[in-house]
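Keep in mind that what you see is a predicted model, and the values were worked out from it rather than measured.
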Amino acid sequence: MEPVPTLAPSILLFTLLLLTATVLVEPLLSTRTNTPGSSVIPRHFAFKLTHRDAPHSIIRPPEADTPDLPHGVPMKDFISYGRALRARTRKTGAQRIMESVSYLGKPYGDFYVAVKVGTPTQDMIFLVDTGSELFWTQCSPCKFCMNTGAARFHPDYSSSFTPVPCSSSLCTRVSKMYSGGCLKESCTFKSAYADGSKNAGFISIENFTVGASSYKFMFGCSNSDIEAVLASAPGIMGLNKGPFSFAKQLLQHLAHKKFSYCLPDMFTSPHSSGALLFGKSPKLYSSMMYTPMVPALGPIAFQSYYVQILGVSVGNILLKIPETAFQLNQTSGHGGTIIDSGTTFSSFVDAAYLPLTKALWKATEHMEPLSSEPYGDVCFNISIFDSKLPDIPTVTLHFAGGADLELNSHSTLYAVGMVAGNSTLVCNAFTRSTRRFRKNVIGNFQQQSYWIEHDLSKSRIGFAKANCAVE
């Protein structure tokens, strides 16, 4: 659809979001879901999205607390997010902050949903990750599982839990993708993530309650976390295009093959949640802009949500970035741009990252930004009593098809979490792609305050500005 320039989309979307998500999240679509024996196809399902470091999160780490800050300090919650992230990435001190914040651009996952699993149901937590396929949860007993602060799934307590046998065709398909095998005649899996974390366990079938209905899904019952960095939640909800993802399995039961989510502004709405919808979206999208998905080859690449960036602007200036910086090399698999809810900060290859940070530096030079090297990470010392972030130029990502992602300071500056006197440090929330992973990734920090729609039937990604806060 074409944008409606006279409309105030954020206000309209916020109003409709509250009317829709508040009703649907608790309980989930109780008036529109299937009941046993019914042939009615639900229009959509909805979940509440919670940031794992939010004040109301049930898995909020103790490192996020800020007892050293006076009550009522405007930056208090914002600083706490930075502290939790630093603790989670096992970084201490400030020496690496000014050199690079690239370690923050890993697929840790930041937002989670609660799902009822098994018979009788057990409430489980899953980090939402559009960059991976297999969805899994920690199961008890677990030999090497990390302590996440959340409950583990107990298969012995569920009458509907069914391990997948090694002899099944499903096990053969899973083993090709996840290096599985057999243990006591049950199908096993092993999965690894770009951050170095790994887990393993059994492939199983279980009931997942969504709305008023229960669906049998294949999932991973993990009983071993190895070098796990994903220590803030006991499970991952893979949402990519792979056949075993939660999205693909759930969308089989819906007429509209799409899902969307809205992530709240973590600076202005730290106590709010967002929303995750599967199926036909509410009519919120008068300002939705679309960009086509870019097809990718390879057993892993084809599952990801690739898009084509045409250019990047800082303020009104279009940066001089070569087209090759954003092109996907179908032979090597390098390059291209992925939309990923499981990565925190966006990362760019050098040919795009260096011009971007240079432009941000020059545009804010009068504000005396800090940096350890020419045009490195752009950081600012600000007062903890400030009620707003530094006013830096808007960064706009221009996509094929005419879609733009406009990023203000709330989506481009992140609190490092360190406090010295009455000052704290905020830095640009863009990272440098590693040599091992030479791709551009649009992380969830840059997706906040937008409805992001993944339309699988039309192979396109949609963007619409919105106030995503759900109380």
Exercise for review: Locate the shortest heavy-atom distance separating Pro264 from Ser272; write the atom from each residue and the value.
Suggested key: CG-O, 4.0 Å
Exercise for review: Could you tell me whether the side chains of Asn207 and Thr209 share a donor-acceptor contact shorter than 3.5 Å?
Suggested key: no
Exercise for review: To the nearest 0.5 angstrom, please state how far the CG atom of Asp110 sits from the CG atom of Leu263.
Suggested key: 9.0 Å
Review point. If you measure SG to SG, does Cys166 sit under 2.5 Å from Cys171?
Key: no
Practice item. Please check if the side chain of Gln330 supplies one atom and the backbone of Pro295 the other of a donor-acceptor pair under 3.5 Å. Key: yes
Check your understanding: Between Phe278 and Phe259, is the ring centre distance below 6.0 Å?
Key -> yes
Review point. For Glu206 and Ser160, does a side-chain donor sit closer than 3.5 Å to a side-chain acceptor?
Key: yes
Practice item. For the residue pair Phe267 and Phe78, categorise the inter-ring angle as parallel (less than 30°), tilted (30 to 60°) or perpendicular (more than 60°). Key: perpendicular
Point to revise | Check SG atoms, Cys221 and Cys139, less than 2.5 Å apart | key: yes
Point to revise | Intermediate values then yes/no, side-chain contact (heavy atoms from CB on, under 4.5 Å), Phe47 and Val128 | key: CA-CA 11 Å; Phe47 296 85; Val128 173; over 6 Å; no
**Study point:** Separation of Met237 CE from Ser245 OG (nearest 0.5 Å)
**Key:** 10.0 Å
Practice item. Could you tell me the separation between the OG atom of Ser341 and the NE2 atom of His454, rounded to the nearest 0.5 Å? Key: 7.0 Å
Check your understanding: Per the ring pair (Phe, Tyr, Trp, His ring centres under 6.0 Å) rule, which among Phe111, Tyr414, Tyr450 passes with Phe445?
Key -> Tyr414
**Study point:** Flag if over 12 foreign heavy atoms under 6.0 Å of NZ, Lys257
**Key:** yes
**Study point:** Asp65 bridged to Arg60 by N-O distance under 4.0 Å
**Key:** yes
Check your understanding: Got a donor-acceptor contact below 3.5 angstrom from the His154 side chain to the Asp156 backbone?
Key -> no
Check your understanding: Any sub-3.5 Å donor-acceptor pair from Glu133's side-chain atoms to Phe244's backbone N or O?
Key -> yes
Point to revise | Under 3.5 Å: donor-acceptor pair, side chain of Asn440, backbone of Gly336 | key: yes
**Study point:** Phe126/Phe246 aromatic ring centres below 6.0 Å
**Key:** no
Donor-acceptor contacts under 3.5 Å from residues 400-409 side chains, at least two apart:
from	atom 1	to	atom 2	distance (Å)
Asp404	OD1	His398	ND1	2.9
Glu406	OE1	Lys465	NZ	2.5
Asn408	OD1	His410	N	3.0

Point to revise | Flag, side chain of Lys258 to backbone of Glu453, donor-acceptor distance under 3.5 Å | key: no
**Study point:** Single hit among Phe208, Phe202, Phe189, Trp136 for ring pair (Phe, Tyr, Trp, His ring centres under 6.0 Å) with Phe219
**Key:** Phe208
Point to revise | Polar side-chain atom of Tyr157 near backbone of Gly118 as donor-acceptor pair, under 3.5 Å | key: no
Review point. Can you check whether Ala429's main-chain N or O pairs, donor with acceptor, with Gln446's side chain at less than 3.5 Å?
Key: yes
Practice item. Would you check if the side chain of Arg83 reaches a backbone N or O of Gly417 as a donor-acceptor pair within less than 3.5 Å? Key: yes
**Study point:** Residue that, paired with Asp340, satisfies side chain to side chain contact (heavy atoms under 4.5 Å, CB included) out of Leu239, Asp129, Ile442
**Key:** Asp129
**Study point:** Exam field: side chain Ser346 to backbone Gly443, donor-acceptor pair closer than 3.5 Å
**Key:** yes
**Study point:** Atom pair CG (Leu276) and CG (Leu49), whose distance is rounded to the nearest 0.5 Å
**Key:** 5.0 Å
Exercise for review: Indicate whether the side chain of Tyr215 and that of Gln249 have a donor and an acceptor atom separated by less than 3.5 Å.
Suggested key: no
Check your understanding: Quick check: does any side chain N or O of Ser347 sit under 3.5 Å from a backbone N or O of Ser433, one acting as donor and the other as acceptor?
Key -> no
Review point. Mind checking whether Phe45 and His253 have ring centres under 6.0 Å apart?
Key: no
